[in-house]
Amino acid sequence: MTVGPSGRYNPISEVPGDCLLMFAIVAIMSAGYYLAARRARGWWIWPLWILLGVLPVLPVMATPHTGYMLGVGYAIAMVLGISTTDMPSPETR
């Protein structure tokens, strides 16, 4: 969070590859979460929590202590995504 693209003055012109990689990782994880959790009620709350938590500090610089509040939304989103997948029950195996 401190050395990546957000730690530079003009990240898009200085390190465009890092910015593209960061956006690609976020897009892949977002698509995976949407595909896994879209049937659950309130699936949209936790990505919104993460976005609203990082939005105020994004223009300044993302630092590790800004990730504490985001960790709650991330943890709940990951558990929600895993819990909505169709896993066979132990009785059917």
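Residues: numbered from 1 along the sequence shown. Please read these numbers as outputs of a predicted model, since none were measured by experiment.
Sparse packing is recorded around OH of Tyr74, with 12 or fewer heavy atoms of other residues, nucleotides or ligands lying under 6.0 Å away.
Rounded to the nearest 0.5 Å, atoms OG (Ser83) and CE (Met78) are 11.0 Å apart. Taking CD1 of Ile25 as the reference point, atom CG of Leu20 lies at 11.0 Å (rounded to 0.5 Å).
Between Leu70 and Val54, the shortest heavy-atom distance links the atoms CD2-N, 3.6 Å. Across every non-hydrogen atom of Ala37 and Gly81, the tightest pair is CB-CA, 4.0 Å. Of all heavy-atom pairs between Leu80 and Ala40, the closest is CD1-CB, 3.8 Å. Summarising the geometry of Ser13 relative to Pro16, their closest heavy-atom pair is O-CD, 4.0 Å, with the distance given to 0.1 Å.
Aromatic ring centres of Trp46 and Tyr33: separated by at least 6.0 Å.
A side-chain donor-acceptor contact under 3.5 Å links Trp49 to the backbone of Met69.
Cluster membership check: Ile45 does not share its hydrophobic cluster with Val79, using side-chain heavy-atom separations under 4.5 Å among Ile, Leu, Val, Met, Phe, Trp and Tyr. By the rule that hydrophobic residues join a cluster once side-chain heavy atoms approach within less than 4.5 Å of another member, Leu48 and Leu35 end up as members of one cluster.
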